[in-house]
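See below for the structure under consideration.
To find a chain, count down the sequence lines: A is the first, B the second, and so on, and within it residues start at 1. Not measured: the values here are computed from a predicted model.
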Amino acid sequence: MTTASTGVSRSPAAPRRALRRREAVAAYGFLTPSGLGFLAFTLGPILGSLAISFFHWPVIGGRSWAGLTNFLTILTEDPIFWRAVRNTLIFVVLYMPLNFLLALGLALWISPQIRGRGLYRLLFFLPAVTPIVANALVWRLLVQPNGLFAEVATWFGIEDLNPLGSGAGAMAVVVAMSLWQGFGYNMLVFSAGLDSIPEQLYEAASLDGANVLHRFARITLPMLSPSIFFATVMTLITSFQVFAQPYVLTAGGPGVATTTMVMYLYQRGFQLFDLGTASAVATSLFVIIAAITAVQFTGQRRWVHYE
Amino acid sequence: MKRYVQMPIAALTGALLLAACSGGGDADQDDGTTTITFSMWAGSAPETEALETLVDLVEDAHPEIRVELETAPFNDYWTRLAAQASGGTEACVLGVQSPRTTSIQGLLLPLEDSALTDADIDLDEFDQAIVEGTQVDGVQYAIPYDLGPLIVFYNADAFADAGVPAPEDGWTVEEFTSAAATLSGEGRYGYALNPSVDSTTAWSLTLTGQQGVAEDGSLQLTSPAMVETVEFLQGFIAAGSSPQLPATSDTYNALNSFVAGDAAMAVDGPWQLAYVAEQVAFEFGVVTMPAGPQGSGTPVAGSGYGISAGCEHPEEALQVISVLTGPDAQVALAEMGRAYPSRTEEQSAYFHGEFEIAEDTLLAAAEGGEPLRSTVNFTQVNTLFNQYAVSALNGDMTAAEFLETVQSQTEAGAQQ
């Protein structure tokens with residue numbers, strides 16, 4: 001028996017408490033900088049925006065208590081709000097599966113030790129680090145009438161291709177551009193996840209006679225489930241918040257076909273100077289995202305396997 | 001544990017106090033000078049330099065005033081103004097675009113006649129259409145420094161190649177339409193349509209003598225006159241005389257199509273002359289809007305300077321504006337090609353070098369000009385009009401359906 005352990009047995013509670021307090025001081029010390037940032041730049045604005053949504057809050061002119069009026073207005077009278085919700089859902093429903101398919105497919109493709117693997121990873125990740133405004137400007141040049149896409153379409157006998165001229169076409173371009181920009185990040189997440197799956201599992205399964213599909217369904221997917229869960233949560237949140245793509249590419253048109261919720265809240269707040277309803281839109285979006293994220297976290301116990 | 005919680009809260013409060021202190025506008029200096037903040041849009045280095053020249057003029061004329069200039073690109077300017085106004089930190093002297101005067105009226109100080117006289121500003125020396133354009137219900141809210149009627153830019157080389165005689169001021173709508181048709185084909189188009197309220201208004205004035213906003217300031221997009229105008233414009237795309245429109249955030253889309261040589265004509269303002277002259281690789285000319293049954297009509301828009309209601313030194317601010325819109329400043333801007341002067345006397349300074357070609361046209365256009373009318377929620381009208389016009393002009397919506405949609409959605413938005 002060492003002196004230290006006799007010390008502990010002599011008076012177990014006091015030093016442990018002292019240690020705990022010292023650790024707590026250190027922990028709070030380390031947490032303070034990011035905690036301050038969180039309070040000032042995240043929690044503060046969220047609460048501020050929540051508060052504003054209960055007021056008539058024009059940028060110019062007097063402010064007054066509105067109660068639930070702003071919410072009732074956007075939910076029952078506003079002709080654009082529900083269109084914006086629908087557009088956002090269409091975007092999410094199209095973007096999410098395609099993003100995962102592309103990201104997972106490419107991650108699987110470059111997961112074996114193929115030549116130039118690092119280079120592929122870099123190339124696929126490149127769109128994710130280019131500024132979204134630059135991406136959107138290049139896409140605009142590609143898809144506008146007389147652009148490259150229209151030129152190529154004429155080879156196949158399609159004259160005057162103008163995807164940005166119709167609602168469905170414009171949404172398709174916004175989704176395509178977002179995919180191009182967004183798949184690289186998830187691919188990297190999946191690729192890292194795939195690398196951490198022990199090779200022995202596959203060898204053992206092969207010896208037992210499992211074919212490629214079995215190995216994918218029974219080993220790869222379950223082992224990758226934490227990465228998939230992480231990617232799902234993050235991608236869903238960011239795709240509900242889609243703004244820059246329609247803002248730069250289509251300005252929300254034609255009509256309101258690509259006006260997403262964040263685009264609409266921007267228009268209400270900063271073009272129409274009505275911060276009250278803009279905040280009500282923001283709060284609605286927050287509730288939708290929080291609810292979906294909560295469902296995901298509840299559901300994860302069923303399918304996410306942590307080692 | 002409480003202590004550790006209190007610490008960040010104290011720090012946060014400190015940070016908020018600091019942030020609160022850093023706001024605020026003008027302030028008196030110890031040396032007796034008054035600082036006037038001046039907020040204006042500028043999208044490029046030459047524009048900012050032009051503004052700095054004006055600031056120098058002000059400070060030379062009034063050594064007791066120091067002007068603090070802040071600039072932002074046009075679209076950001078309005079966003080920033082909104083943000084600053086909501087925090088009460090907007091500048092003293094504000095750039096005001098005439099069609100937006102009504103919507104930011106609440107931010108601005110009404111400019112009384114007596115105050116204008118004291119500051120040596122005589123509105124009779126200005127073009128009356130733009131003086132009226134910067135009023136709301138007969139009250140002056142800004143002093144204009146420039147104006148622009150809409151004019152037709154044409155590609156003279158394309159006209160010559162197609163054997164179409166170059167247009168002359170006073171030409172007719174029939175001549176325009178037939179030129180547009182002749183100049184179209186093989187991926188080229190006669191006329192690049194701009195799905196905006198102001199260029200549509202140029203056509204509605206020409207064809208029907210009416211605007212989308214009635215004289216009493218109410219929105220009348222669904223009037224037969226507007227339906228007729230939009231149907232007329234739909235005809236260009238249907239006939240292949242204009243390219244299909246894309247939904248885009250690029251407000252220069254039509255003009256760029258002209259500049260690139262893809263379309264032989266475009267309708268825009270004289271403020272684009274410098275840009276067009278610099279960019280085009282062909283001979284270009286300008287001509288008045290073609291004359292229809294109602295003559296050659298054009299809405300006149302322009303910009304000026306107003307004083308924010310919260311400004312602590314409105315008298316000094318008006319002195320600043322007096323210089324900013326004075327003859328010297330307007331001549332300086334005109335010579336730089338930055339603005340077509342709102343002061344009639346100084347307009348001749350604009351017509352030199354590459355701007356000479358515009359002299360007859362601009363003087364002729366001024367005769368058929370009337371102020372572009374606007375409503376309180378004109379930004380929303382503009383936004384929705386631009387967005388839905390893409391579908392309408394492409395032929396995916398009828399003219400009546402389009403105008404009804406914009407009108408009703410604007411009205412629903414206005415009630416909020």
Heavy-atom distances under 4.5 Å only: say whether [X] touches chain A with side chain, backbone, both or neither.
X	result
B:S103	backbone
B:L245	backbone
B:L384	side chain
B:T383	side chain

All N/O donor-acceptor pairs, side-chain side in residues 164-174 of chain A, below 3.5 Å, sequence neighbours left out:
residue: A:S166; atom: OG; partner: A:G169; partner atom: N; Å: 3.2

For the interface with chain A, which of [options] has the highest count of heavy-atom pairs at distances below 4.5 Å?
options	result
B:L107, B:N253, B:V406	B:L107
B:G187, B:S391, B:P195, B:A392	B:S391
B:T248, B:L81, B:N386, B:I104	B:T248

Chain B contact via A:Q267 - side chain, backbone, both or neither, heavy atoms under 4.5 Å:
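Only the side chain of A:Q267 comes within 4.5 Å of chain B.
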Nearest 0.5 Å, please: how far is [atom2] in [Y] from [atom1] in [X]?
X	Y	atom1	atom2	value
B:N377	A:F273	CG	CZ	12.5 Å
A:L272	B:Q380	CG	CD	4.5 Å
A:Q144	B:D250	CD	CG	8.0 Å

B:P246 side chain reached by A:R140 side chain, heavy atoms, under 4.5 Å:
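Heavy-atom side-chain distance check fails, nothing below 4.5 Å.
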CD (B:E401) with more than 12 external heavy atoms under 6.0 Å:
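Yes, CD of B:E401 has more than 12 neighbouring heavy atoms, counting only those of other groups under 6.0 Å.
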Around atom CZ of A:F149, are there more than 12 heavy atoms of other residues, nucleotides or ligands at under 6.0 Å?
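Enclosed: over 12 neighbouring heavy atoms sit under 6.0 Å from CZ of A:F149.
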Only heavy atoms, only distances under 4.5 angstrom. Which residues in residues 243-260 of chain A are near chain B?
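Only A:Y247, A:V248, A:L249, A:T250, A:A251, A:G252, A:G253, A:P254, A:G255, A:V256, A:T259 of residues 243-260 of chain A have a heavy atom under 4.5 Å from chain B.
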When A:T69, A:L275, A:I80 are compared by non-hydrogen pairs under 4.5 Å with chain B, the top option
A:I80
